[in-house]
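Report on one structure; see the data block that follows.
Because only heavy atoms are used, hydrogens play no part in the values below, and waters and symmetry mates are left out as well, while side chains stay in. Counting convention: from 1, in listed order, for ligands and their atoms alike. Since the model is a prediction, treat every value here as computed from it, not as a measurement.
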Amino acid sequence: MPFPSGFLWGAATSAYQVEGSPLADGAGPNIWHRFAHEPGTILGGATGDVACDHYHRFQDDVALMADLGLGAYRFSMAWARLLPKGRGRMNARGFDFYDRLIDALLARDLVPMVTLYHWDLPLGLEDKGGWLNDDTARWFGDYADLAFRAFSDRVPYWVTINEPAVIMEKGYVLGVYAPGHRNVAEAPVVARNLLRAHGYAVQAYRDRGDGAIGIAVNLQPVWPASDSPDDRAAAERANAWRNLQFLDPILLGQSPAELPSMFGRDWRGLSPEDMALVRQPMDFVGVNYYTRIVVRADPSVAPTGAAIVPSANHRTLVGWEVFPSGLTETLVALDRRNGGVPVYVTECGAAFADASPSAGGEVPDPERVAFLRDHIDAARLAIDAGVDLRGFFVWSLLDNFEWNSGYALPYGLVHVDFDTQQRTVKSSGRFFSQAARSNGERLDAAAAGARGATALPSGH
Ligand code: IFM
């Protein structure tokens with residue numbers, strides 16, 4: 001069976017991970033630029049200074065997507081390219097870059113989906129407190145308003161913030177992502193301000209744009225390691241912290257009940273006024289799906305008291321369990337909890353140890369082909385169960401800068417040689433091309449036909 005007509009088949013990237021030249025043409029520095037240049041933060045001392053050089057090669061990358069038959073491209077705008085200090089003076093050359101990218105996409109019939117914030121806060125705002133400063137939420141709304149004015153005549157889909165839970169946890173609790181704080185008490189403040197920022201952007205959009213706006217959340221089913229009451233309660237807390245903390249205020253107008261007791265005196269909830277700002281009608285939810293987690297009770301893990309149990313099953317290079325049925329479970333749960341909200345899978349993909357391109361220009365990546373086939377099948381099952389799923393974006397179009405792992409985790413449908421910037425389409429790129437062209441029909445045949453995909457791991 002094909003997917004519903006109009007289903008969007010796309011690939012996703014983000015500015016700091018692919019563009020390179022973060023300071024070019026008047027752009028201001030951002031927190032990832034500073035973080036990556038601090039010794040010891042990124043594997044191998046890597047930075048996003050060059051990355052995939054998408055800033056200069058976007059025309060070729062757009063042509064490549066068109067040749068693959070993709071229908072849409074999800075990318076993010078670097079706030080500090082448009083507003084070098086995050087607020088105040090605008091940078092015309094930054095606007096010009098995204099104008100040219102959008103026009104190139106439209107010229108090749110690729111639908112743009114723009115993320116306003118994929119983690120690269122302008123340093124000018126970080127120096128005023130970043131997401132710990134309540135004003136940052138308003139400044140984000142002002143930046144969003146400028147972006148809508150400049151681009152919403154040509155961009156039909158907008159994502160306010162990518163993965164707020166990751167910003168909060170990895171950036172402020174664990175300190176492994178920019179800005180590198182390690183203070184669990186900051187988490188509720190950051191969460192509150194990210195939610196308010198989302199609200200200001202949606203508010204601005206209703207005045208300016210007539211397309212669709214949503215948020216992209218990373219969701220994972222949380223399973224208790226055992227049936228014991230302690231493990232089950234730990235799973236509830238981890239689910240509240242990771243999955244519901246951002247969704248429930250936006251879609252239901254309430255915060256999960258588990259959160260205040262996790263934080264005690266450090267809890268900072270949303271005031272009724274802020275909740276009204278945050279809970280505004282949404283056009284869609286973007287779901288970034290990679291894995292499930294299994295947890296057991298462990299009081300030493302702040303703030304959830306839930307420790308992740310490493311999986312013994314098939315895993316990706318980063319150690320995440322390959323668990324396609326978790327995508328169906330996630331989409332159905334989201335649908336049932338929120339009354340049939342429209343959904344896009346805004347990211348799904350896997351890092352595996354790819355071979356280098358052969359002399360004939362082949363990159364066989366059978367594990368990724370199988371991963372995508374099984375996850376697209378899982379998405380189809382969700383549609384069969386009544387979920388209003390409207391698109392599927394692979395993370396990622398290109399191998400790219402994978403944050404603190406540098407260039408060690410390839411996710412691309414397209415291999416990038418970072419010495420030469422040569423792009424080579426992988427077997428998974430050919431597979432996904434077939435999936436897109438056939439609107440999801442005959443995935444097994446497409447998988448078998450992708451060169452080098454003869455020894456596919458079996459489905460899950
Ligand atoms: O590379 C990231 C992306 O920036 C956000 N979602 C998860 C991806 C893989 O870790």
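- Only the side chain of Trp320 comes within 4.0 Å of ligand 1, judged by heavy-atom distances.
- Counting heavy atoms closer than 4.0 Å to ligand 1, residue Leu409 contributes nothing at all.
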Original post:
Going through the distances and angles, do Thr115 and Thr346 end up as a side-chain contact (heavy atoms from CB on, under 4.5 Å)?
Top reply: CA-CA 10 Å; Thr115 309; Thr346 35; over 6 Å; no
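- Taking the centre and axis of the six-membered ring of Tyr55, the NZ or CZ atom of Arg81 falls inside the cone set by 45° and 6.0 Å.
- Among all non-hydrogen protein atoms, the one lying nearest atom 8 (C) of ligand 1 is Tyr290 OH, 3.4 Å.
- Ranking protein heavy atoms by distance to atom 6 (N) of ligand 1, first place goes to Glu347 OE1, 2.5 Å.
- Atoms CG and CZ, on Leu123 and Phe35 in that order, are 13.0 Å from each other to the nearest 0.5 Å.
- For a threshold of 3.5 Å applied to N or O pairs, the pair formed by Trp403 and ligand 1 contains at least one separation below that value.
- A donor atom on one side chain and an acceptor atom on the other are found under 3.5 Å apart for Tyr73 and Thr13.
- Among protein heavy atoms, atom 9 (C) of ligand 1 sits closest to Glu402 OE2, 3.4 Å.
- A side-chain N or O of Trp223 and one of Glu329 form a donor-acceptor pair less than 3.5 Å apart.
- Per-residue contacts place Asn162 under 4.0 angstrom from the following atoms of ligand 1 (heavy atoms of the residue considered): 5 (C).
- Aromatic ring centres of Phe7 and Trp9: separated by under 6.0 Å.
- Those atoms of ligand 1 that come under 4.0 Å of a heavy atom in His118, given as number and element, are 3 (C), 4 (O), 5 (C).
- Residues Phe140 and Tyr200 keep their aromatic ring centres 6.0 Å or farther apart.
- Listed by number with element, the atoms of ligand 1 under 4.0 angstrom from any heavy atom of Glu163 are 5 (C), 6 (N), 7 (C).
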